[in-house]
Number of protein chains: 2
Amino acid sequence: MAASLKNRKESTKNRIIEAAKALFADQGYTKTTIADISRQAGLSEAALYEYFQGKEDLLLTIPDLWVCDLIEDLERQLFGIKGAVNRLRKYLWWYCRRVEESPLDAKIVYLFLKTNANFMQTEVYSNVKVLYGYLLEIFEEGRRTKELRPDLDPRIARNIFIGTMEHIITLWLLRDRAYSLFENLEETFDLMVGAFTRGAETPRGGPAKGPDIH
Amino acid sequence: MAASLKNRKESTKNRIIEAAKALFADQGYTKTTIADISRQAGLSEAALYEYFQGKEDLLLTIPDLWVCDLIEDLERQLFGIKGAVNRLRKYLWWYCRRVEESPLDAKIVYLFLKTNANFMQTEVYSNVKVLYGYLLEIFEEGRRTKELRPDLDPRIARNIFIGTMEHIITLWLLRDRAYSLFENLEETFDLMVGAFTRGAETPRGGPAKGPDIH
DNA sequence: AGTATATCCGAATGATATTCGGAAAGTATT
DNA sequence: AATACTTTCCGAATATCATTCGGATATACT
């Protein structure tokens, strides 16, 4: 039957991916050999090439799957949440949770992907852009509704937001996830949002004006 | 004479480093071969091993030299600058300038270093910590003098500052330095500092109170 | 059963990092 | 200047690893 055939193929492919994911995340891309991966996946090195074009293809497949799943999930998660600040908060908490749930994927994305010389030309990159593109919309919207300061440059705000987010995630990964990613997340978020809302009409904590500069 | 001997050795070593730096930055670590490097440096592959233990050692040497030089320079640059905000500003502008001056070093640090499985155990890492450690002191000092908000957590502030800084640098490197790193730097800095000073006694732009929350 | 197709593997192949043994060049000592 | 010593270098192995080839084995379909 075609279905079970497809399933068998998919299941082997998954075994290879899981093996590669674990090994890449543990030893890094360079130190992991095809022999390692195929042994872990329970087939020969030659057979692996029936499923993937090569080592680099295998590396890129892992984050590709993850990021596609993230995009799929993101819209659903933000659905129905009103207000730029609320949406930003949801975005950050959602992303951190996804990272905590899939640390191996995250490690590969954050530590081994940019390394690749032509990361920019890759499918993954354009998907990451989609993922981060949502933030631009949120900042735009917040500016229009005056929830955020009207002179806020969305791209700059996004740089701060993503930069901070990626930094705390990278630190957490490099330190072997020895603590919770959510430690201090509240304070970090408040500090950032404070920068985005200052001078807006309804900052967090109730209506209040920013500093007057007469 | 011992001096000229040392010089000859150093000069060859430098030729190798410069060749490796250019090639790594251009093609990435994996795609660059020892044959490439030694050809570019004008000696045999075997001779290269008289100067470096191997390819990885060569990779790590490059950022090591750069970061040591940065540490050496940083103290000098901050010397005599008063006030947390002024010191933060100097830090950011100084670092961006150094990155713009040595884009190859920066590319290797930001794109190829963290990928190394044991980056955390490396000499470079502890030096980067020194470099970033200065920021903690600046935030501490600013909090004590009330120039920054008294409830500011230095580590969180540093995460935002470094995260943002590294992000705009990484973007700039990935986009092949097609624009100036200083574009929007002013606005980015102001936005961040706004978050750090809100509620402090003397925010930028003159004395003013943060929002009252009665 | 028989044929086609998918899946697999042992054994080459080729590229590349690293080592070995010794040559060539330079330096110091007499 | 000749000798001994040290540094610097390289051609030729060696070892590791990614990838390919040719064919074997299992599975699906008629």
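As the structure is a computational prediction, the values presented were derived from the model and not from experiment.
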Ring centroid separation A:Y29 to A:F24 under 6.0 Å: yes

Euclidean distance, atom CG of residue B:L48 to atom P of C:dT19 [Å, nearest integer]: 12 Å

Spacing of B:L43 atom CG relative to C:dA24 atom P, expressed in whole Å: 18 Å

Salt bridge (charged side-chain N to carboxylate O under 4.0 Å, His left out) partners of residues 152-163 of chain A, not counting sequence neighbours, each pair once: A:D153-A:R155

Contacts of A:T33 that satisfy side chain to side chain donor-acceptor pair (under 3.5 Å) - sequence neighbours left out: A:D36

Between C1' of C:dA17 and CG of B:D57, the distance in whole Å: 14 Å

Listed partners of A:R76 passing side chain to side chain donor-acceptor pair (under 3.5 Å), at least two apart: A:E72

5'-most by nearest nucleotide on DNA chain D - A:E50 or B:G42: B:G42

Atom-to-atom span, CZ of B:R39 to P of D:dC10 - whole angstrom: 14 Å

Listing, residues 133-144 of chain B side-chain donor-acceptor contacts under 3.5 Å, not counting sequence neighbours, or none:
unit_1 : atom_1 : unit_2 : atom_2 : d
B:E140 : OE1    : B:R143 : NH2    : 3.3
B:R143 : NH1    : B:L152 : O      : 3.2

Which pairs would a plain distance check flag for residues 57-66 of chain B, meaning a side-chain donor or acceptor within less than 3.5 Å of a matching protein atom at least two apart in sequence or in another chain?
unit_1 : atom_1 : unit_2 : atom_2 : d
B:D57  : OD2    : B:Q53  : N      : 2.9
B:T61  : OG1    : B:D57  : O      : 2.7

Between P of D:dT8 and CD of B:E10, the distance in whole Å: 10 Å

Sequence-aligned protein contact record of nucleotides 16-21 of chain D, with B where the base is within under 4.0 Å of a protein heavy atom and S where only the sugar-phosphate is: -SSBBB

Value in whole Å for how far the C1' atom of C:dT18 lies from OH of B:Y51: 17 Å

